Protein chains: 2
Amino acid sequence: MADVNVSPAQRAADPPAPPQARSIEGAPAAPLVDIIELLFFAYRNFVSDPDEILARYGFGRAHHRVLHFVHRHPGMRVTDLLDILRITKQSLGRVLRELVDQGFIDSRAGSSDRRQRLLYLTPKGEALARDFIALQSARIERALAECAGPDGRMADAKANARRFLVSMIDAEDRGPIEKLIARAESAADPARAALLRPPARPRGAG
Amino acid sequence: MADVNVSPAQRAADPPAPPQARSIEGAPAAPLVDIIELLFFAYRNFVSDPDEILARYGFGRAHHRVLHFVHRHPGMRVTDLLDILRITKQSLGRVLRELVDQGFIDSRAGSSDRRQRLLYLTPKGEALARDFIALQSARIERALAECAGPDGRMADAKANARRFLVSMIDAEDRGPIEKLIARAESAADPARAALLRPPARPRGAG
DNA sequence: ACATTTACGTCAGCCATGTTGACTTTTTTC
DNA sequence: GAAAAAAGTCAACATGGCTGACGTAAATGT
């Protein structure tokens, strides 16, 4: 950060300094502004970790997101990705096309439902996705180690961070998201794959 | 969230399922992916809280950021804002002009250095900035309350969250950012204003 | 006094990534 | 055989980044 300093220059001279936002209508207001700002700065650093690598390929953050989720859910459908990213088909389309054209993603027709395009990473895509995860994980790991301290219980620090982040998510989204994360982690185990979205009842072709 | 579910459809049928990214080269890799994703989902919810209000005025998130930091640092210079937001003068220029034109921000020439434009919120701008803070604070407060539990020590939960977020920030930025936050909080106290960026030695006109 | 630097603003154009709306094709479902 | 679903595509547009080039006023340095 070049400088995140507000010059105090004529702070004492000019200003009619509007009184600091005090508890209006009983709201506690002020005391959480630090968390608001820390989230802003922390997230900005966090997402910009991959930027240099992305630039090498002429990609942006949208490509990163697509790569990440396909990495985590190999064989996912385009619709699944749209649900996760919450963008339009057209927005995703562009990014996806570039990733396919440049050989990072492989898109194959589903066998039980041939309308579907199932998405997989190529080895090249896998390597890139892993690079991103390594980068961002390194930041998180350093942070958790600091939170834990030298005698640290990293696991506790992680549990705290995780609980906080989950609680920051809209209540109705938490279940699906936690299941999404859990399912991805056991992706190698096809037996545990059927958890949500009523199994699409493979009836026609199945 | 409409649906963050990856269809398990032909998960078991099709895939050559590339083996789940395992610790390569000794890196622990995998176990922090949940935090990576939770950060993504949590931050997305967090920043979209103000969207509905912003839309009413035809504003976007860039306007929110400007409003927020001017609210926190009344009388700040344009350059200060550029340092904080890390965008170009031209990018800031557009949003700033709209905010000034529509009467949310008041820009006055500095008295000791008349090249400067010192930024203040109008009452209208103050009200809006407070609305945003109230919205986002509410989310954070709910989250911390959940972390703390019913018998909860909210203060501990907050301290944990804060420590984690600070640690997620690039080491060299932490000092400046923490000072920035601290200074804003004591903005009503001009005596404590002079902390960073050598006081601009008001020599010429002063 | 004069040259330089700083703070700010602005024009013009480009890029990335989001949006709507309309329409097609293929395939599955009813 | 009709309807619905999955995916792709074209066109047009908005937002918010970016670079480069200038202009002007005021402060600074010699």
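Residue numbers start from 1 in every chain, and the chains themselves are labelled A, B, ... in the order their sequence lines are given, proteins ahead of strands. All values derive from a computational prediction rather than experimental measurement.
- Residue L81(B) contributes atom CG, which lies 14 Å from atom P of dA7(C) at whole-angstrom precision.
- Scanning for salt bridge (Lys or Arg N to Asp or Glu O under 4.0 Å) contacts around R65(B) gives an empty result, with sequence neighbours left out.
- Using a 4.5 Å cut-off on side-chain heavy atoms (C-beta onward), L32(B) and K158(A) make contact.
- Stacking of R108(B) on the aromatic ring of Y120(B) is recorded, both the 6.0 Å distance cut-off and the 45° axial limit being met.
- For the pair R163(A) (side chain) and E146(B) (backbone), a donor-acceptor distance under 3.5 Å is absent.
- In this structure, F164(B) has no ring pair (Phe, Tyr, Trp, His ring centres under 6.0 Å) partners at least two apart in sequence or on a different chain.
- In this structure, R117(B) does not reach the dA7(C) phosphate: none of its side-chain N or O atoms is under 4.0 Å from OP1 or OP2.
- Under the rule for a salt bridge (Lys or Arg N to Asp or Glu O under 4.0 Å), E98(B) has no partner lying at least two apart in sequence or in another chain.
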Filtered N/O pairs between nucleotides 14-17 of chain D and protein, under 3.5 Å:
unit_1	atom_1	unit_2	atom_2	d
dG16(D)	OP1	R61(B)	N	3.0
dG16(D)	OP1	A62(B)	N	3.4
dG17(D)	OP1	R65(B)	NH2	2.1
dG17(D)	N7	R94(B)	NH2	2.5
dG17(D)	O6	R94(B)	NH1	3.2

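- Between L82(A) atom CG and dT9(D) atom P there is a gap of 14 Å when expressed in whole angstrom units.
- The nearest whole Å value for the distance from the CG atom in L85(A) to the P atom in dG18(C) is 8 Å.
- For the pair L54(A) CG and dC15(C) P, the computed distance is 18 Å after rounding to whole Å.
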Could you pull out the protein-nucleic contacts involving nucleotides 21-26 of chain C (nitrogen or oxygen on both sides, under 3.5 Å)?
unit_1	atom_1	unit_2	atom_2	d
dG21(C)	O6	Q90(A)	NE2	2.6

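- Rounding to whole angstrom units, CZ of residue R97(A) and C1' of dA7(D) are separated by 13 Å.
- Atom CG in L118(A) sits about 11 Å away from atom P in dG8(D), given to the nearest Å.
- By the side chain to side chain contact (heavy atoms under 4.5 Å, CB included) test, K124(B) is found to be paired with F104(B), T122(B), residues two or more places apart in sequence or in another chain being considered.
- G60(B) approaches L54(B) most closely through the heavy-atom pair O-CD2, 3.5 Å.
- Between R130(B) and E126(B), at least one side-chain nitrogen of the basic residue sits less than 4.0 Å from a carboxylate oxygen of the acidic one, meeting the salt-bridge criterion.
- Rounded to a whole Å, the CG atom of D51(A) is 15 Å from the C1' atom of dC15(C).
- The distance from atom CZ of R77(B) to atom C1' of dA26(D) is 14 Å, rounded to the nearest whole Å.
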